[in-house]
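Just so we're clear, the structure is a prediction, and the values are computed from it rather than from any experiment. All values below come from the heavy atoms of this structure, side chains included, with hydrogens, waters and symmetry mates left out.
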Amino acid sequence: MCAITAGYRGRKVLVLDHANKPGKKILMSGGGRCNFTHLHSTPANYLSANPPFCISALKRYTPHHFTEWVERHGIEYFEKTPGQLFCTESSKAILNMLLTECEWAGADIRLKCNIETIQGIPSPQSPFSGFMICTSIGTIQCESLVIATGGLSIPTMGSSPFGYKVAEQFGLNVLPTRAGLAPFTLQPDDLARLAPLSGVSCPVEVKLNGHAFKEPMLFTHRGLSGPAMLQISSFWQPGQNLHINLLPDTNVLAELKAWRQQSPNKRIETYLTTKLPKRLAQTFVEWHQWDHTFQQCSNQRLNEITQALKDWTIKPNGTEGYRTAEVTLGGIDTHSLSSKTMAVKDIPNLFFIGEVVDVTGHLGGHNFQWAWASGFAAGNEA
C-alpha cells in the first residue's frame, strides 16, 4: 500500500522482502479468503498505549476507500458477519490487486533479499539525507526508508524482531510485545475435562476487565479458541479469570422455573440439550452433578445452575503464544512518530507502518485496515 501510494506520486520505489513469495500472510488470512477490512473500523477497535495515535490515518483512509478499490478490480466479496468483508473466491485476488497496482505505480519488488545493515547518511541540514542499506543483493541508497516488517506472530511465516531492532538502532523506544488474538491453553484439570469436547462450538459472551465480546467459542484439544476467545486474549494477563456466559441471550432462571412447573419429571440435561451442543450439555451435567429431575430442584439449586451457565469462570493456563497468534501487541512507541505521516518525529525520512508499531486491532479485518491506512499515510509523505 505504501509502495503503491508513493509510486503514484512519482517516487522511485523499491520494496525489499526476505520471503520467496510476496504477501504470504495475505494469502493465509481469513482461512484463505482474506478478511480484508471491517466496514465499521474505528479507533475504538484498536489497542495502543497511545490510543489517539491511530485516529488521523484511519480517518484519511477508510474501509470504503479500500472496498471501492476492490470493486474497481472486479473482486467479488461478501459480508460474513456484520462489517467483516471476505473475498468470495480466494485471498489471491487481494494480493494480485496489490501486485498489479505496484506494477502500474512503477514500484519494484525484490524477493529473497536479506537486510544486513542500515546506516543513516549524515546531513548538515537534517539528521540524515538518506539511508545506505547493505543487502544480500547489493548496497542500496534511498532518500526515505519505510519499515513495514510486522510483528512476531506466526514465526513459520518468517516473522522476526527485525523492525524493533531497526527502531532501537535509531533511538526509538520499543514497548514490550506479547501475542494477541491467540487461543487459550487450559490448566491440566480443566483440559482433562474439556479436551473431549474438541470441535464443539457455541455462541457465548466473554467478559474481562470491562471488555466484552459476544461471538462464537470453540473447544480445542489444547483449550479454548474461536472469535470470542481470540478477541479477549488481547486483554488477558496471566492469572486472570475469564467470565463466560454460555447462554447470553437466554433468561435461564425464568426458563428453568417454567420447566419445573410444566415438565417436573424431565431432567436438567434435557433442558440443556435444547440450549447447548449435546456433548457440552452432558459434560456440564457430569461436572456439576446435575443428574436429577426438575421436581428435585429447589430454588437455590436453580439459581446455582443459572450462575454456572451465565458466569462460567475459568482461569486459562496461558495462550498458545506467537505460534498461532494473529497479531503482536506492543511494539514501537507511537509517541516517537507523527500520527499524520508515520514518520519518526526527529528523523522525518524514516517511517514505521503496520503491525510493527504499537497499534493492534480487534479480530475481523481491523488489522488489515490499519495496514492500508498507515501505508497510505506514509506513502503520501515518503
Side-chain angles (χ1 to χ4, degrees), residues 1-2 25-26 28-30 34-38 40-59 61 63 66 83-84 147-155 157 159-164 167 172-184 206 208-213 215 225-238 240 318-337 339 342 351-378:
M1 174 60 87
C2 180
K25 279 196 173 179
I26 292 174
M28 71 173 290
S29 67
C34 189
N35 178 196
F36 55 82
T37 193
H38 196 296
H40 313 303
S41 204
T42 71
N45 295 112
Y46 295 86
L47 289 76
S48 175
N50 181 16
F53 177 80
C54 65
I55 294 173
S56 176
L58 291 171
K59 272 189 175 178
Y61 194 86
F66 196 81
Q84 295 184 17
I147 305 295
T149 51
L152 302 172
S153 305
I154 316 182
M157 299 295 290
S159 62
S160 78
F162 177 84
Y164 308 134
L172 276 68
N173 182 38
V174 177
L175 300 175
T177 57
R178 60 189 178 91
L181 299 180
F184 287 107
V206 60
L208 173 70
N209 299 336
H211 302 283
F213 293 96
E215 298 198 55
S225 187
M229 296 299 108
L230 298 184
Q231 294 277 39
I232 208 71
S233 73
S234 294
F235 300 91
W236 180 81
Q237 296 288 348
Q240 292 182 326
T319 73
E320 291 190 15
Y322 292 121
R323 185 182 68 80
T324 57
E326 298 203 13
V327 290
T328 303
L329 294 155
I332 295 164
D333 189 344
T334 57
H335 289 95
S336 306
L337 306 177
S339 62
M342 308 301 293
F351 303 77
F352 293 88
I353 59 175
E355 193 183 341
V356 75
V357 305
D358 174 37
V359 176
T360 306
H362 291 171
L363 190 72
H366 301 288
N367 287 291
F368 267 130
Q369 186 56 35
W370 173 244
W372 315 139
S374 61
F376 182 78

> Given the rule in the side chain to side chain contact (heavy atoms under 4.5 Å, CB included) test, do Asn209 and Trp236 qualify, once you have shown the distances and angles that lead to the verdict?
Replying inline: CA-CA 9 Å; Asn209 299 336; Trp236 180 81; over 6 Å; no

>> Quick check for you: to the nearest 0.5 Å, what is the distance between Asp358 atom CG and Ile332 atom CD1?
In response: 9.5 Å

>> Between Glu326 and Leu230, is the side chain to side chain contact (heavy atoms under 4.5 Å, CB included) condition met? List the steps.
In response: CA-CA 9 Å; Glu326 298 203 13; Leu230 298 184; 3.8 Å; yes

> Which heavy atom in Phe352 sits nearest to a heavy atom in Leu172, and how many Å separate them?
Replying inline: CE1-CD2, 3.9 Å

>> Just to verify, what does Glu215 make a side-chain hydrogen bond (donor to acceptor under 3.5 Å, both in side chains) with, not counting sequence neighbours?
In response: Gln231

> Which pair of heavy atoms, one from Ile55 and one from Pro43, lies closest together, and at what distance?
Replying inline: CG1-CG, 3.6 Å

> If you take all heavy atoms of Ala378 and Phe351, which pair is closest and at what distance?
Replying inline: CB-CD2, 3.9 Å

> Considering residues at least two apart in sequence or located in another chain, which fulfil the side-chain hydrogen bond (donor to acceptor under 3.5 Å, both in side chains) criterion with Ser160?
Replying inline: none

>> According to ring-ring contact (aromatic ring centres under 6.0 Å, His included), who are the partners of Phe36, at least two apart in sequence or on a separate chain?
In response: Phe66, Tyr77

> Tell me, do Met229 and Phe213 make a side-chain contact under 4.5 Å, heavy atoms counted?
Replying inline: no

> Ile154 and Thr324: side chain to side chain contact (heavy atoms under 4.5 Å, CB included), yes or no, with the steps?
Replying inline: CA-CA 6 Å; Ile154 316 182; Thr324 57; over 6 Å; no

> Can you tell me if Asp333 and Ser336 form a side-chain donor-acceptor pair at under 3.5 Å?
Replying inline: no

> Does Tyr46 have any ring-ring contact (aromatic ring centres under 6.0 Å, His included) partners at least two apart in sequence or in another chain, and if so, which?
Replying inline: none

> Between Thr334 and Asn50, is any side-chain donor less than 3.5 angstrom from a side-chain acceptor?
Replying inline: yes

>> Quick check on the 6.0 Å ring-centre criterion: do Phe53 and His335 meet it?
In response: no

> Does any N or O in the side chain of Ser159 come within less than 3.5 Å of the main-chain N or O of Leu152, such that one atom is a donor and the other an acceptor?
Replying inline: yes

>> Under the rule for side-chain contact (heavy atoms from CB on, under 4.5 Å), what residues qualify as partners of Ser374, not counting sequence neighbours?
In response: Met342, Ile353, Trp370

> Do the ring planes of Phe368 and Trp372 sit parallel (below 30°), tilted (30 to 60°) or perpendicular (above 60°)?
Replying inline: parallel

> Considering residues at least two apart in sequence or located in another chain, which fulfil the side-chain hydrogen bond (donor to acceptor under 3.5 Å, both in side chains) criterion with His211?
Replying inline: none

>> Using only atom types and a distance under 3.5 Å, with no angle test, would you say the side chain of Ser233 pairs donor to acceptor with the backbone of Pro183?
In response: no

> About how many Å separate OG1 of Thr360 and CG of Asn45, when rounded to the nearest 0.5 Å?
Replying inline: 12.5 Å

> Where do Thr319 and Ala182 come nearest, in terms of heavy atoms and distance?
Replying inline: CB-CB, 4.0 Å

>> Run the side-chain contact (heavy atoms from CB on, under 4.5 Å) test against His40 and tell me which residues pass, sequence neighbours left out.
In response: His38

>> As an exercise, state the distance from CG of Asn35 to CD of Gln369, rounded to the nearest 0.5 Å.
In response: 11.0 Å

> Quick one: side-chain contact (heavy atoms from CB on, under 4.5 Å) partners of Ser153, sequence neighbours excluded?
Replying inline: Lys25, Tyr322, Ala325, Thr328, Glu355

> Sequence neighbours excluded, which residues qualify as side-chain hydrogen bond (donor to acceptor under 3.5 Å, both in side chains) partners of Thr149?
Replying inline: none

> Partners of Ser56 by side-chain contact (heavy atoms from CB on, under 4.5 Å), sequence neighbours excluded?
Replying inline: Arg60, Ser339, Lys340

> With no hydrogens and no angle check, is any side-chain donor or acceptor of Arg178 less than 3.5 Å from a backbone partner on Ser234?
Replying inline: yes

> Taking all atoms of both residues into account, what is the closest heavy-atom pair of Leu329 and Ala179, and its distance?
Replying inline: CD1-O, 3.7 Å

> Rounded to the nearest 0.5 Å, what separation is found between the NE2 atom of His366 and the CG atom of Leu181?
Replying inline: 10.0 Å

>> Before you tell me yes or no, could you show the steps for Phe184 and Glu320 under side chain to side chain contact (heavy atoms under 4.5 Å, CB included), namely the whole-Å CA-CA distance, both residues' side-chain angles and the distance that decides it to 0.1 Å?
In response: CA-CA 6 Å; Phe184 287 107; Glu320 291 190 15; over 6 Å; no

>> Quick check: closest heavy atoms across Ala167 and Val174, and the distance to 0.1 Å?
In response: CB-CG2, 4.1 Å

